[in-house]
Engineer: 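Input: one structure, supplied below.
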Amino acid sequence: MIVDRCKECGLCINVCPQKVLERGNEFNIYGYRYVSPKYIEKCVGCRLCEYICPDFAIYVEVDGL
Amino acid sequence: MIVDRCKECGLCINVCPQKVLERGNEFNIYGYRYVSPKYIEKCVGCRLCEYICPDFAIYVEVDGL
Amino acid sequence: MRLEYLTGNHAIAEAAIIAGLKFYAGYPITPSTEIFEYLASKLPTKGGVVLQFEDEIASINAVIGASWAGAKAMTATSGPGFSLMVEALSLAIMTETPLVLAYVMRAGPSTGIATKAGQYDVMQVRWAAHGNYELVVYAPWSVQECLDLTIKAFNVSEMLRVPVILLSDATLAHIWERVVIREPPEVSIVNRKKPKVPRDKYKPYEPEEDLVPPMACFGEGYRVLVESLTHDERGYYKATNEVQRRLVWRLVNKVLKNKHLISDSATYLVDDADYVLIAYGSTARSAYALIRELRSKGIKVGLYRPKLLWPLDEEMLINSTIKAKKVFVVENNVGVYVREISRVLRNKEVISIPIIDIEVPTPDEIFEVMKEWI
Amino acid sequence: MRLEYLTGNHAIAEAAIIAGLKFYAGYPITPSTEIFEYLASKLPTKGGVVLQFEDEIASINAVIGASWAGAKAMTATSGPGFSLMVEALSLAIMTETPLVLAYVMRAGPSTGIATKAGQYDVMQVRWAAHGNYELVVYAPWSVQECLDLTIKAFNVSEMLRVPVILLSDATLAHIWERVVIREPPEVSIVNRKKPKVPRDKYKPYEPEEDLVPPMACFGEGYRVLVESLTHDERGYYKATNEVQRRLVWRLVNKVLKNKHLISDSATYLVDDADYVLIAYGSTARSAYALIRELRSKGIKVGLYRPKLLWPLDEEMLINSTIKAKKVFVVENNVGVYVREISRVLRNKEVISIPIIDIEVPTPDEIFEVMKEWI
Amino acid sequence: MRYELLIAGRGGQGILLIGRVLGVAASKYSNLYVTCSESYVAETRGGDSRADLIISNNEEELDFIKVRKADIAIFMHQAQLVKFSSLVKSNGTVYVDETYVSELPSNVGWRVLRASYTKLAEREIGNIRVANMVALGHLIGTTKLINPEAVEMAIDEVVGEEWSELNKKAFRLGLNIGV
Amino acid sequence: MRYELLIAGRGGQGILLIGRVLGVAASKYSNLYVTCSESYVAETRGGDSRADLIISNNEEELDFIKVRKADIAIFMHQAQLVKFSSLVKSNGTVYVDETYVSELPSNVGWRVLRASYTKLAEREIGNIRVANMVALGHLIGTTKLINPEAVEMAIDEVVGEEWSELNKKAFRLGLNIGV
Amino acid sequence: MDIIHPLDRYLRTDRLPHIWCPGCGIGIVISAMLRAIDRHISEGHFTQDDVATVSGIGCTARATLYLNFDSAHVIHGRAIPFAIGLKVIKPNLKVIVIGGDGDIAAIGGNHLLHSARRNMDITVIMVNNMVYGMTGGQVAPTTPMKVYTTTTPYGNLEYPLNLIKLVSSLNTNYVARASVTHPHLIERYIYNALSRDGFSFIEVISICPEVFGRHIGFRNPVELFNKLKSMIKFKAKPSIDESDIVWGKEIVLGEYVNEYKSGFIKLLYGS
Amino acid sequence: MDIIHPLDRYLRTDRLPHIWCPGCGIGIVISAMLRAIDRHISEGHFTQDDVATVSGIGCTARATLYLNFDSAHVIHGRAIPFAIGLKVIKPNLKVIVIGGDGDIAAIGGNHLLHSARRNMDITVIMVNNMVYGMTGGQVAPTTPMKVYTTTTPYGNLEYPLNLIKLVSSLNTNYVARASVTHPHLIERYIYNALSRDGFSFIEVISICPEVFGRHIGFRNPVELFNKLKSMIKFKAKPSIDESDIVWGKEIVLGEYVNEYKSGFIKLLYGS
Ligand SMILES: Cc1ncc(C[n+]2csc(CCOP(=O)(O)OP(=O)(O)O)c2C)c(N)n1
Ligand SMILES: Cc1ncc(C[n+]2csc(CCOP(=O)(O)OP(=O)(O)O)c2C)c(N)n1
Ligand code: SF4
Ligand code: SF4
Ligand code: SF4
Ligand code: SF4
Ligand code: SF4
Ligand code: SF4
Ligand SMILES: [Mg+2]
Ligand SMILES: [Mg+2]
């Protein structure tokens, strides 16, 4: 997450097939409650969240590949 | 014929199925040798000449109808 | 009479309805769009039509067509859109088509700052179209004047068969003020002259004594001819010196010779003023504030405010500044209308105070420059 | 050096090739079309491209694009077409895009008389675009000058990154005259400044001392940003007073402060003249003929002829008329550039001689008016 | 009589609505002259929002369209208070929403009236979005600038039927602060 | 040395070509300065066609771009002679194509040179379209305005290979009229 | 004004002869159009006073100067928006736009597109002579590939616009192609177009002997006419796929779209 | 400039966050476009310096401001001619035009039409949000009928433009429709478009929650997204006849035209 780019639109939460993401409770410098990967362990690295994010705020690093 | 409208283009002569029309030898006031219905007796009143004339110079009066 | 609390843009739209607008065509552009939107919701309820076109070019050409169909017609735009309308403006001038164009200025050049103001386009509005002509341009300084001058714009346009431009700016467009609204018969509404002769005697460009030809419209049986080529009184194309001269000079003179009917300006304390500030539109509010302030300090300053920007009423300008030692021209641009002022006030010291401010120059900014000269 | 016998339009086209033109985009319009047609047949043999677009708007925008791709680029048009190009002209000014526009005036307003001349558009060419700026306009009076000033137009355009307009008219466009053609190195050709700093230090709108920024083009690795919004030196949009002021004033001043590099005018027997005629373009030929005639009768008249119409070189004008009792401004229109002259010559009697003539005013026509004043 | 009013806060706090209601109340229902200029930054959330009002009973006194030195100000948020405090007269009357304003400048002679408009709105009305009307009520109640009935008519007109009761309730709440 | 030349006739008589050839001959092959303005009516056949030339050895003398008082004129047709005769100096030299010109004004002191250019062209060359070059030849032969070789080079350049011999033949025919 | 020719009542005869070159096809189109209008008038569908003709600039556009209707000869490319302004205010008018291929399809292309999309109730007659006539022979968007024109002296590189396909891709009621070689068809299509609401478009393939003829080596009107005639095919129900003009080979005439959907005016004002 | 996000090298990150509203689909399109470009670059087809992006004015058009290529943000509707000027002079550039439906299809419609007809070698990506976003919600040529907008407060009376049909009626090499609900397709189509000469056109159906969403009662980005998604159908080889957007029912994605004819540049310069 690049928290200051997130605008709290919720699209990533909506598309994530694994329900990994959730709206956070903290505000970024622009006043948005940015998303956080709460259940990151469930992430399957499908990148749907990265592709859907209109704000270049979220991306997926696939470890160990 | 409205002789001063004729521009000697020859289209009427070209379309007349009866070869009624011919380029005349006289000049109109604009210097064109206007067409004349030389063999008017052959005319079948098809009006192709009237319809093709771009200059509203020739029209057909069908008598006795 | 009723009271309303409106923005400058709303007031223009409201005034257009009062003046008898029946057709609006436009293309959205900040900061003029509220005129369009206000009319889109209100005009259809008064039997008028509001259409959005594919661009500004189509819009103004449709306005010209609608005017020839007999409707009072208008459009509104800002710099980039106006620039696109210029070719058709020349057509409207040539064909003596009544129409009103509300021009809400924003900061340029080019796309500039769409939401912010400036008075950059005060020369453009006069000179942008090709060919020589006169057109009529009014510049309001308040929401009330947005209303009053728009009605006047329609009246003059109908009276002289000339495009009239209402020149506002982004700041004026969006301030809210109290306005007094009067409807006919409380205000007088002018309609174009109609032919007084039968169809076979009528010539669409044959002027009466006021140099304005009566206007038959489409569908009225007069077989009118709208002609963009140089034409004689019948509307027939003629490429001769004689016809060109007669037509061009009449187009110019029908505005100039009727200037008394269209002239409009305001003065404030100029009679005893050592210094006269000249300003128009929203900037004049700042000049006025400064004058009030300086007067309270005993400095004798006055304000001359042309409301009719084009053609400039030279006589009024001269008379209003006759006693002034110095004249200051304050504008929210690089100093352009000042050229017109100095051209006219040949024997007077004319000082340009060009203050670029994306809202409106402040009285302090003006005084900052002015104080060096007084 | 070689001799040719060419029309004004041919000479403009020929000069453009000499100046290094690589891209022409246009839309046919009388009386400018021969420029297009001449280039269409010649430029491809010199490695350039000539394209006809769907309209004038596309043409000038393509010219701007081509200029940003690094090519010297031009278009040509007349009144109606120029009016359509105005919005993009403002873009070219804002983005500091070098380009040359040949404007061949015809009789307006609107479609007017397409084949016939006039000088109606001399104010339009200066003021037509929205926003404030300075641009450069040259007016030739002969075929030779069509050639020379076109080369100069390209040079100035490259030097200042500003659109330059070559203002001709239908008469000049179609007269044939002898011209002397010089190619480099006999004439000097100027190319735009290129960045002197590496890519990561480069800012596309950061001026050097002459107020002109070096110009990196597309495909050169500088990641340029062409921006029509109000922008800072990097090209980043900023809606602040500070950025707007800095930008607009620089756009104005880069032309004004470099006026010495672009100024151009001619005088004829002004030193002892009681009367100075001021004229430009084809009309100046008539004024000149009249002066030769009057001089032969012992009347002391001279000619001041601005070749650089915009910005007007005020100093030169003042110096060239300093001794004159009266100044006459002769134009083939209703008298418009005379406003600029009287603005500058504040203490001089300035008499307007507006003569509408669809070819060119004759010396007799000029004298007819002038004689009342001398 | 001529007042300059400055109303400022963050986007979303309903600043412009205060201005709108005041404007309508003054111009349509109190026979006063008003100029109001609004400014806001559309692009990012939480930017400045500001309304400048000039109110007078004399049309001639409506000159410059922005506030030069405010007689009265409402600050709904600390950030804008800091930014615009210099626009307020040194003896001006200033209303602050204590919910978001914690520090006041010390070197001015303002008459400061304060309350936690937002908290009040939340607590008493159950909707923080009407904090603006609470503030407006406070201002009207204490300055008597305009007849409260005129303001209520303006509220009806500006906010629309669905919301007008709620807003008027908040307004009345404000009217009664400190009463 | 400064001459004004007027060449006039009906559309289709090759008037402009005379002007074009003269212009090229003078400016490119004789080191003279030339201004030529052409006019014609495109729209109807047989309208006026006219070329105005100013020729001088001094660039300064090229002023007004149209003929004010022609020193020399060619009239290829009666209609244009009538129309434009006032543009010729009273002591001017005038060439007329007798094929189409029958009447000359009586009250002028012109030096008139005449021949039936069209008939000559038809008879000697077999093509009436080169009557214009016959006239040009007559003019050059009698005025010596320009070296005939320069004119022939100009003909080559202007009319193009296919037609240049024919035109030069006509030109030479004209050169020798009256010799 | 003496009325001699049967169409003279629709002409400003004091302005004849018109400016068109000998053998120019434009006159044929106008003649056919007037017969179509005359038929409607004589059938009582509307009167001469109800007809409005509008044109831009170009040889074709000059037509309106000669027509004895309320007429407008406006600026290049902008006849359509002017016409819409008329129609919206006076819905009873039969508004006809006449223009060249440059006027309608080059500079005016956007207005064509959007008025067709709106199914705006006007009739557009485009005379396609495949060239810019008035300005002396420059390439048009309809010029066949490879043709030499004054602005494509090395041959035209651009694929010509198929107006039938373009307009048919929009929401129009009527799209037809005629040719000056077949005046009866022009008349019939214009008659049909004027018989309905909504947008109607008729492309008429024309001959410009003066300019286009010169470019392709057919300066003689009769030869050019016969050359064109040799390419013409008529189909009663042509498909849009066969509408491409293959110059020298095949040009298919016919009614490509023929519908009676509600036009914009009906949606605006109700019926 | 720190590079964090995998696409950051293509972004002017110092200008982020961008101006687009939360949940606006434009960012999704740009993200997909950058991945398509990145794939070409990593496959060695061209470099970052060879890419030029051009846009007019509008929310969508703002994209070029954020892109780390040679870029131009010019005037409303005129990106295409600017792009052609670039391409003709520097044929090696990959010239991409990005614009909104108003920018490309309303005011810019004529340039779209004629550049498509010329098969001019540029790629046009049109973000169709069915509204004018930047100016605050006016009707667009793509707005479905009956929708209330700020300039059609009584409902839109105009038939919406089907860009797929329009552009396919011209002489183009590539026409495809994608949707922000399916970012992979956007990426693939842009990749495919950039793989060929000639004119390529990609319409991306987008969501504008702020303005269009408000008009139709779907202000929440997620709801609007899901609403749109429910209408989307993908077809491998869709026919042009099924390309009409039936709002609320069906929007067919796919590659409608997929050809490899010579582009204009090849005809101009030879191969
Ligand atoms: C804005 C503008 N641009 C250019 C012109 C010049 N112009 C006049 S007619 C014309 C094109 C004529 O071609 P077309 O429309 O095909 O008509 P045609 O003469 O072939 O019937 C042009 C380019 C103009 N009058 N106005
Ligand atoms: C000549 C001109 N006219 C109008 C405008 C105002 N304007 C800016 S963007 C825009 C339309 C935006 O709609 P669209 O192109 O669909 O882009 P979106 O914002 O929806 O992405 C308009 C009308 C302008 N900038 N220039
Ligand atoms: S990459 Fe992980 S977090 Fe992102 S959408 Fe897929 S599963 Fe969810
Ligand atoms: S999609 Fe992006 S901007 Fe939207 S909530 Fe997720 S991370 Fe934030
Ligand atoms: S009407 Fe007579 S003259 Fe005319 S084409 Fe028919 S047969 Fe020939
Ligand atoms: S068609 Fe008409 S103009 Fe042509 S020759 Fe026949 S009558 Fe004369
Ligand atoms: S130039 Fe062509 S289109 Fe124009 S009138 Fe002549 S033949 Fe007809
Ligand atoms: S207004 Fe619409 S299109 Fe524009 S940024 Fe916001 S959501 Fe996107
Ligand atoms: Mg044509
Ligand atoms: Mg959009």
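Order of the sequence lines fixes the chain letters, A, B, ..., with proteins taken first and strands second; residue numbering starts at 1 for each chain. Predicted, not measured: the structure shown is a model, and the values here were computed from it.
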Engineer: Contact part of Ile84(H) toward chain D, heavy-atom cut-off under 4.5 Å: side chain, backbone, both or neither?
Structural biologist: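 Side chain only.
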
Engineer: Looking only at heavy atoms and a cut-off of under 4.5 Å, which of Phe23(D), Phe218(D), Phe53(D) has the most pairs with chain H?
Structural biologist: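 Looking at each option in turn, the highest pair count goes to Phe218(D).
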
Engineer: Let me know if Ile60(D) has heavy atoms under 4.5 Å from chain H in its side chain, its backbone, both or neither.
Structural biologist: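 Neither part.
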
Engineer: Report which part of Asp50(H) has an atom under 4.5 Å of a heavy atom belonging to chain D: side chain, backbone, both, or neither.
Structural biologist: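 For Asp50(H), neither part sits under 4.5 Å from chain D.
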
Engineer: What residue, out of Met94(D), Glu54(D), Glu87(D), has the most heavy-atom pairs lying under 4.5 Å from chain H?
Structural biologist: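 Of the candidates given, the most pairs with chain H belong to Glu54(D).
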
Engineer: Given Phe199(H) and Asn173(H), is the side chain to side chain contact (heavy atoms under 4.5 Å, CB included) satisfied, shown in steps?
Structural biologist: CA-CA 6 Å; Phe199(H) 190 83; Asn173(H) 268 355; 5.9 Å; no

Engineer: Under the side chain to side chain contact (heavy atoms under 4.5 Å, CB included) rule, what do Ile30(H) and Leu67(H) come out as? Steps first, then yes or no, please.
Structural biologist: CA-CA 9 Å; Ile30(H) 301 308; Leu67(H) 298 176; 3.9 Å; yes

Engineer: Of all the residues in residues 66-73 of chain D, which have a heavy atom that comes within less than 4.5 Å of a heavy atom in chain H?
Structural biologist: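 Residues in range: Ala66(D), Trp68(D), Ala69(D), Ala71(D).
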
Engineer: Is Arg117(H) in contact with chain D via its backbone, its side chain, both, or neither, using a 4.5 Å heavy-atom distance?
Structural biologist: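 It is neither, since no heavy atom gets under 4.5 Å.
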
Engineer: Under 30°, 30 to 60°, or over 60°: which ring-plane class applies to Tyr191(H) and His45(H), parallel, tilted or perpendicular?
Structural biologist: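 If you compare the ring of Tyr191(H) with that of His45(H), the planes turn out tilted.
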
Engineer: Which bit of Asp200(D) comes within less than 4.5 Å of chain H, counting heavy atoms only: side chain, backbone, both or neither?
Structural biologist: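 Answer is neither: Asp200(D) stays 4.5 Å or more from chain H.
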
Engineer: When rounded to the nearest 0.5 angstrom, what is the spacing between CD in Glu158(D) and CG in Leu99(D)?
Structural biologist: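 Answer rounded to 0.5 Å: 9.5 Å.
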
Engineer: Is a side-chain donor-acceptor pair under 3.5 Å present for Tyr205(D) with Glu227(D)?
Structural biologist: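 No, because no side-chain N or O of Glu227(D) sits under 3.5 Å from a partner of the opposite role on Tyr205(D).
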
Engineer: Checking heavy atoms, do the side chain of Leu268(H), its backbone, both or neither come under 4.5 Å from chain D?
Structural biologist: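 Only the side chain of Leu268(H) comes within 4.5 Å of chain D.
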
Engineer: So do Phe264(H) and Lys87(H) actually touch side chain to side chain, heavy atoms under 4.5 Å?
Structural biologist: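 No, their side chains stay 4.5 Å or more apart.
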
Engineer: Using 0.5 Å steps for rounding, measure from the OH atom of Tyr237(D) to the CG atom of Leu229(D).
Structural biologist: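 If we round to the nearest 0.5 Å, Tyr237(D):OH and Leu229(D):CG are 6.0 Å apart.
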
Engineer: Need one label for Thr47(H): side chain, backbone, both or neither, based on atoms under 4.5 Å from any heavy atom in chain D.
Structural biologist: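 Thr47(H) has no heavy atom closer than 4.5 Å to chain D.
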
Engineer: Mark yes when over 12 heavy atoms from residues, nucleotides or ligands other than Lys196(D) sit less than 6.0 Å from its NZ; otherwise mark no.
Structural biologist: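 Counting other residues, nucleotides and ligands, NZ of Lys196(D) exceeds 12 neighbours.
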
Engineer: Taking every non-hydrogen pair under 4.5 Å, which of Ala62(D), Cys217(D), Ala216(D) racks up the most with chain H?
Structural biologist: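 Between Ala62(D), Cys217(D), Ala216(D), the count favours Ala62(D).
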
Engineer: Heavy-atom cut-off 4.5 Å, strictly under: side chain, backbone, both or neither for Leu113(H) against chain D?
Structural biologist: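 Neither part.
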
Engineer: Take a 6.0 Å sphere around NZ of Lys194(D) and say whether it holds more than 12 heavy atoms from other residues, nucleotides or ligands.
Structural biologist: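 Result for NZ/Lys194(D): enclosed.
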
Engineer: Hey, are the side chains of Leu194(H) and Tyr174(H) touching, using non-hydrogen atoms and a 4.5 Å cut-off?
Structural biologist: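 No - every pair of side-chain heavy atoms lies 4.5 Å or more apart.
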
Engineer: Where do Val49(D) and Leu43(D) land on the side chain to side chain contact (heavy atoms under 4.5 Å, CB included) test, with the steps shown first?
Structural biologist: CA-CA 7 Å; Val49(D) 176; Leu43(D) 194 62; over 6 Å; no

